[in-house]
Amino acid sequence: KINLYIRDLYTCQYCNTPYTKNNLTLDHVIPLSKEGRTNWENIVASCSPCNTTKGNKMRMKPKRMPYKPDYWELVNKRKPITFP
């Protein structure tokens with residue numbers, strides 16, 4: 001979960017607003033009810049209002065499509081992030 005937030009830079013992928021980890025949720029781009037899977041290529045970080053608005057529909061598209069990052073990308077993205 002934390003690695004996914006790091007991949008998405010703690011930013012909602014629908015409204016492009018940065019959040020803390022306590023204010024983010026995971027969203028399936030293709031909902032589980034529509035045979036979506038729980039994997040890197042189908043999950044994005046989302047704020048609760050966007051996640052609720054999207055629901056189990058596929059009309060909302062994330063600003064950046066999900067992908068599987070490699071280890072070094074996560075390491076490099078993690079370095080500049082400061083946590084309170």
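Residue numbers run from 1 in the order of the sequence given. Computed from a predicted structure; not experimentally measured.
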Fill in: Close side-chain approach of Leu4 to Ile43, heavy-atom, < 4.5 Å
yes

Worksheet item: Heavy atoms, side chains only, cut-off 4.5 Å: are Val29 and Pro62 in contact?
Response: yes

Practice prompt. Kindly indicate, with the supporting measurements, whether the criterion side-chain hydrogen bond (donor to acceptor under 3.5 Å, both in side chains) is fulfilled by Thr20 and Asn23.
Written response: CA-CA 5 Å; Thr20 63; Asn23 297 324; 3.2 Å; yes

Worksheet item: Quick one: do Tyr67 and Leu9 end up in the same hydrophobic cluster if we chain Ile, Leu, Val, Met, Phe, Trp and Tyr together by side-chain heavy atoms under 4.5 Å apart?
Response: no

Item to complete: Output yes when a side-chain donor or acceptor of Asn56 lies under 3.5 Å from a complementary backbone atom of Pro31, and no otherwise.
Response: no

Item to complete: Check whether any side-chain heavy atom of Val44 lies under 4.5 Å from a side-chain heavy atom of Arg7, and answer yes or no.
Response: yes

Discussion item. Taking CZ in Arg64 as the centre, count heavy atoms belonging to other residues, nucleotides or ligands within less than 6.0 Å. Is the count above 12?
Written reply: yes

Fill in: Pairwise side-chain contact, Tyr19 with Cys12, heavy-atom cut-off 4.5 Å (strictly under)
yes

Worksheet entry | Over 12 non-hydrogen atoms of neighbours within 6.0 angstrom of OH in Tyr71 | no

Item to complete: Check whether any side-chain heavy atom of Trp72 lies under 4.5 Å from a side-chain heavy atom of Lys77, and answer yes or no.
Response: no

Discussion item. Tell me whether Asp8 contacts the main-chain N or O of Tyr10 through its side chain, where contact means a donor paired with an acceptor under 3.5 Å.
Written reply: no

Item to complete: Mind checking the NE2-CG spacing from His28 to Asn39? Nearest 0.5 Å is all I need.
Response: 8.0 Å

Worksheet item: Is the side chain of Thr25 donor-acceptor paired with the backbone N or O of Ser46 at a distance under 3.5 Å, no angle test?
Response: yes

Worksheet item: Do the side chain of Lys54 and the main chain of Lys57 share a donor and acceptor less than 3.5 angstrom apart?
Response: yes

Discussion item. Regarding Tyr14 and Asn51, do their side chains bring together a donor and an acceptor under 3.5 Å, going by distance alone?
Written reply: no

Item to complete: Any chance you could pull the hydrophobic cluster mates of Met58, using side-chain heavy atoms under 4.5 angstrom and chaining through other members?
Response: Ile30

Practice prompt. Indicate if Leu74 and Met65 have the same hydrophobic cluster label, given that clusters are the connected sets of ILVMFWY residues with side-chain heavy-atom separations under 4.5 angstrom.
Written response: no

Worksheet item: With distance as the sole test, does Gln13 use its side chain to make a donor-acceptor pair with the main-chain N or O of Thr11 at under 3.5 Å?
Response: yes

